[in-house]
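Note sheet for the following structure.
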Number of protein chains: 2
Amino acid sequence: MPPTPRTSRTLTDEDLAAFKTRLCDVAEAMFAAAGADNVSMRQIAAALGVSPMTPYRYFANREAILAEVRIRGFERFAALLEAAYAATSGDAAAKAAAMGREYVDFALANANTYRLMFGEHSQEDSDESPLGRAVARARATLSVYGDGLIRAGMAEAEARAMEGLIWSTLHGAVTLELAGTTPPGSAHETLRLLGRFALRG
Amino acid sequence: MPPTPRTSRTLTDEDLAAFKTRLCDVAEAMFAAAGADNVSMRQIAAALGVSPMTPYRYFANREAILAEVRIRGFERFAALLEAAYAATSGDAAAKAAAMGREYVDFALANANTYRLMFGEHSQEDSDESPLGRAVARARATLSVYGDGLIRAGMAEAEARAMEGLIWSTLHGAVTLELAGTTPPGSAHETLRLLGRFALRG
DNA sequence: CCAAGTTGTTTACACCGTAAATTTACACTG
DNA sequence: CAGTGTAAATTTACGGTGTAAACAACTTGG
């Protein structure tokens, strides 16, 4: 069978971006359904209706696709947290509680995406990298909590450290549940407990 | 090249167990060095000086080896926590603090083993399964903390839930650091903070 | 001594990520 | 308009994976 390229010669920057976006959309859905490890390059290409090697013209390799999807995941995540913050009326504690709920709900409802986001991605998240910036954006939503502590008289450094503790607890709760180490519902239970005595107004 | 089997006919139960142990020792070391995903069956077999298919006579498949190594990891982990408990003189808070330190140290010093232990292992940890029992043993060491709370007047159910919260925080802190999402040292910092206001005697 | 069964080996298959060669179709020259 | 260079997509090919199946070497029960 002869090759059947139907190109329009040297593709535009937006054509290029469009393909990348389309590929990421498809890959993201497949990853979410089966876990990133169980989706091959060939499967992604087939789902796009394109030959197995075509994606390599747009991404250096498989890892580059994972990196891109990770970034998109963090951005979606951050947007949800920000929305939860904006949609909640009340004091900082109420907003923080809503964000905590959103955090756990997102992780449990998008297990494979969350696993991909927080899996071992070799290179560290320098604030310069796109991934680092996406992570920073998600992390920044946590500052609502620290801000409340500062208003209550806590030193800034300490308040920021407390944010790290809250984050650790949320992350630990959902990953333990996602791994099957703790039974279903544990994460929400932990969240409830955390809110009870870490968010007393 | 002709096959060169030098067997001694129908191997004893302890011969069988010995091979499994030897294989797990080797596999564990290779996993620790390179990460489980980067170690193939063929590599393990080669390291054992045996042909690629021989391990399959002792383990159903690769996943069965991972499961076994996971169990051994949890047992080693539990033993360390128990040792930290036994070696610490003082009240429950001091013992709990020592165990928390041991927890974080183990995870950071055995990153790949820890990742394997708490990675997605498909089947849940029923208390009937060997893995479930190994997990339960590690988890049981946490009860020291809950016991202290109960002595301080907290209801039992609540105290056990608090153990889950502590576990989540420790697990979250180390996995965030192992993933590179938080900078080195963060887990110890979180541990310090946790101990400060969760362990006030 | 022979048939059966246990052990380890070799071989084989379908899949993977991706490097390299190949084909196609456009955008240019003349 | 013919010819050519080249970007885009394809096919092919290579070394790797997990593991099923066939096979060879041996021990043992009859």
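So that the names make sense, note that chain A is the first sequence line, chain B the second, and so on, each numbered from 1. Computed from a predicted model, the values in this text were never measured in an experiment.
- In this structure, A/Arg62 atom CZ and C/dA19 atom P are separated by 15 Å, rounded to whole Å.
- Using a 4.0 Å cutoff on non-hydrogen atoms, the parts of residues 42-59 of chain B near DNA chain C are B/Arg42, B/Val50, B/Ser51, B/Met53, B/Thr54, B/Arg57, B/Tyr58, ordered by number.
- With a 6.0 Å radius and a threshold of 12 heavy atoms from other residues, nucleotides or ligands, B/Tyr85 has its OH atom at or below the threshold.
- Atom CG in A/Asp37 sits roughly 14 Å away from atom C1' in C/dG17 (whole-Å rounding).
- Note on B/Arg70 versus B/Glu28: no salt bridge recorded, every NZ/NE/NH1/NH2 to OD/OE distance being 4.0 Å or above.
- A centroid separation of less than 6.0 Å is found between the aromatic rings of A/Phe74 and A/Phe118.
- Atom NZ of A/Lys20 is separated from atom C1' of D/dA8 by 16 Å (rounded to the nearest Å).
- In this structure, B/Arg151 does not pair ionically with B/Asp91, as no charged nitrogen and carboxylate oxygen lie closer than 4.0 Å.
- Relative to the six-membered ring of A/Tyr58, A/Lys20 misses at least one condition, a distance below 6.0 Å or an angle of at most 45° to the axis.
- In this structure, the CG atom of B/Asn38 is 13 Å from the C1' atom of D/dG16, given to the nearest Å.
- For B/Arg101, the salt bridge (charged side-chain N to carboxylate O under 4.0 Å, His left out) test picks out no residue, with sequence neighbours left out.
- The nearest whole Å value for the distance from the CG atom in A/Leu66 to the P atom in C/dG17 is 10 Å.
- Between the CG atom of A/Asn61 and the P atom of C/dA19 there is a distance of 8 Å, given to the nearest Å.
- In this structure, B/Met41 atom CE and D/dG18 atom C1' are separated by 7 Å, rounded to whole Å.
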